[in-house]
Amino acid sequence: MKHQTALITGAGGGLGLEFARLLAEQGWNLVLAGRTEQKLAEAAQELENVTSGRVTYIQVDLSEAGSAQRLYSQVCESGELIELLINNAGVGVFGEHVKLPAEKLSAMLTLNIMNLTLLSQSFAADMKERGHGYLLNIASTASFQPVPLFSAYAASKSYVLHFSEALAKELEDYGVKVSCLCPGHTESNFFEQAGIADSEKGFFSPRARMKPGQVARVGLNAVFEGKLTVIPGFRNNALVFANRLTTRPLAAMISKRLTANP
Ligand SMILES: NC(=O)c1ccc[n+]([C@@H]2O[C@H](COP(=O)([O-])OP(=O)(O)OC[C@H]3O[C@@H](n4cnc5c(N)ncnc54)[C@H](OP(=O)(O)O)[C@@H]3O)[C@@H](O)[C@H]2O)c1
């Protein structure tokens, strides 16, 4: 069997590790990229016992300018041909926009927008030349409306959604498929690192979160079924659909009520 290779960013935990687990079961070669070497090493050790393919990892801080180019060069030097790129690494910064540390915002936007864009460009160019390949970008249900107190994060995810949908059209005639997964609240480190304390009830309640394995499966099914934009879970689909029935100012007002009084 000829193994294909997937590159997953943010593969040391959360959704990224779940994508890796599912692909490992299918025998893919995996290149895990992420910020914390220890987490990547542990993930690689686990996945090597599952996949019949190779598992390697690259430590990279994708919130730094120039890191997407460094990651691309390292992958090329390793000789791996990436058939599937999953742009999963992403963070949120929660709070009143005017009070958020500028350096945190800048790092988030470099990670969520700039380096996702540059990685998509480099790897999609190679895929286009070969005449096949897949990209999966991780946006959010926050992509579909303004989200007060998550203003810049939600806007960064709107970017990912629109960028992915446009890129999919650019590449559709060249054998390269682009999909975009828009998760709602999902169990992971996302909330803790965004500065949202676990509360037992309300909008951010841990009880309303989907399992990351379920969410990752929806994303990978979209990739292999050639679907463009997918939203996992009935509740998330209902919320996004309800959004379409309202006006943008009303959506922003409802959103503010939910995030300001979680
Ligand atoms: N969880 C949710 O409710 C939710 C909802 C909608 C969308 N999403 C999106 O889903 C994606 C995955 O998030 P998650 O929920 O799995 O959260 P997570 O558990 O916090 O995972 C984020 C991953 O990204 C990596 N990462 C963070 N900063 C990085 C950097 N500067 N350079 C390289 N890697 C970095 C993390 O590595 P370290 O662990 O080493 O920091 C981790 O592996 C993100 O794009 C997020 O915006 C999540």
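Order of appearance sets the numbers: ligands from 1, and atoms from 1 within every ligand. Heavy-atom basis, side chains included; hydrogens, waters and symmetry copies ignored. Residues: numbered from 1 along the sequence shown.
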Which atoms of ligand 1 have any heavy atom of F191 under 4.0 Å away? 3 (O)
For H185, atoms of ligand 1 separated by under 4.0 Å from a heavy atom: 3 (O)
Distance col, row T110:OG1 vs E103:CD, nearest 0.5 angstrom, shows 12.0 Å
In this structure, OH of Y72 is separated from CD1 of I82 (nearest 0.5 Å) by 10.0 Å
Within 4.0 Å of some non-hydrogen atom of S63, the atoms of ligand 1 are 31 (N)
Is any side-chain heavy atom of L136 closer than 4.5 Å to a side-chain heavy atom of N87? no
How far is atom 11 (C) of ligand 1 from its nearest protein heavy atom, and which residue and atom name does that atom have? N88 O, 3.1 Å
For G13, atoms of ligand 1 separated by under 4.0 Å from a heavy atom: 43 (O)
Look only at the side chain of S179 and the backbone of K227, and say whether a donor-acceptor pair between them is shorter than 3.5 Å. yes
the protein heavy atom lying closest to atom 26 (N) of ligand 1 turns out to be A89 CB, 4.2 Å
Output yes when the distance from some N or O of ligand 1 to some N or O of T186 is under 3.5 Å, and no in every other case. yes
Separation of Q214 CD from L15 CG (nearest 0.5 Å): 11.0 Å
Number the atoms of ligand 1 from 1 as they appear, then name those within less than 4.0 Å of a heavy atom of V60, with their elements. 32 (N), 33 (C)
Quick one, K169 with E172, criterion salt bridge (charged side-chain N to carboxylate O under 4.0 Å, His left out). Give me CA distance, side-chain angles, the key distance, then yes/no. CA-CA 5 Å; K169 294 313 278 179; E172 68 182 359; 3.1 Å; yes
If you have a sec, work out which protein heavy atom is nearest atom 7 (C) of ligand 1 and how many Å separate them, to one decimal? A139 O, 3.3 Å
What's the separation between atom SG in C182 and atom CG in N237, rounded to the nearest 0.5 Å? 9.5 Å
Looking at L118, is its backbone amide N or carbonyl O close enough to the side chain of S122 to form a donor-acceptor pair, meaning the two atoms are under 3.5 Å apart? yes
Any N or O of D61 that comes nearer than 3.5 Å to an N or O of ligand 1? yes
Any N or O on L111 sitting closer than 3.5 Å to an N or O of ligand 1? no
Looking only at heavy atoms of G184, does any of them come nearer than 4.0 Å to an atom of ligand 1? yes
Between Y174 and K128, is there a cation-pi geometry (under 6.0 Å to ring centre, at most 45° from the normal)? yes
Check: L239 main-chain N/O paired with N243 side-chain donor or acceptor under 3.5 Å: no
Atom 39 (O) of ligand 1: closest protein heavy atom, distance to 0.1 Å, is K39 NZ, 2.7 Å
What protein heavy atom lies closest to atom 17 (O) of ligand 1? Include the residue and the distance to one decimal. S188 OG, 3.3 Å
Close approach of I138 to ligand 1, heavy atoms, under 4.0 angstrom: yes
Keeping the roles fixed (side chain from S67, backbone from E64), state whether a donor-acceptor pair exists under 3.5 Å. yes
In the protein, what heavy atom is nearest to atom 22 (C) of ligand 1, and what distance, to one decimal place, separates them? G90 O, 3.9 Å
Hey, does the Lys NZ or Arg CZ of R209 hover above the aromatic six-ring of F191, less than 6.0 Å from the centre and inside 45° of the axis? yes
Just let me know how A33 lines up against ligand 1, side chain, backbone, both or neither, with a heavy-atom cut-off below 4.0 Å. neither
Taking a cutoff of less than 4.0 Å between a non-hydrogen atom of the residue and any ligand atom, is G92 in contact with ligand 1? no
Below 4.0 angstrom from a heavy atom of S140, which ligand 1 atoms are there? Numbered from 1 as shown, please. 6 (C), 7 (C)
Main chain of E83, side chain of H132: is a donor-acceptor contact present, judged purely on distance under 3.5 Å? no
When you measure from atom 32 (N) of ligand 1 to each heavy atom in L17, N137, L62, V91, which option holds the nearest one? L62
Only one of L30, I8, L40 clears side-chain contact (heavy atoms from CB on, under 4.5 Å) with Y57; which? L40
Can you tell me the protein heavy atom closest to atom 28 (N) of ligand 1 and the distance? R35 CZ, 3.3 Å
I'd like to know whether ligand 1 has K157 as a neighbour, heavy-atom separation below 4.0 Å. yes
Could you tell me whether some N/O pair between G34 and ligand 1 is separated by less than 3.5 angstrom? no
May I ask which of T9, T36, N87, L40 has a heavy atom nearer to atom 40 (O) of ligand 1 than the others do? T36
Quick one: do Y153 and N112 satisfy side-chain contact (heavy atoms from CB on, under 4.5 Å)? Show the steps, please. CA-CA 8 Å; Y153 170 73; N112 292 8; 3.6 Å; yes
Quick test: of every protein heavy atom, which one is nearest to atom 8 (N) of ligand 1, and how far off is it to 0.1 Å? Y153 OH, 3.8 Å
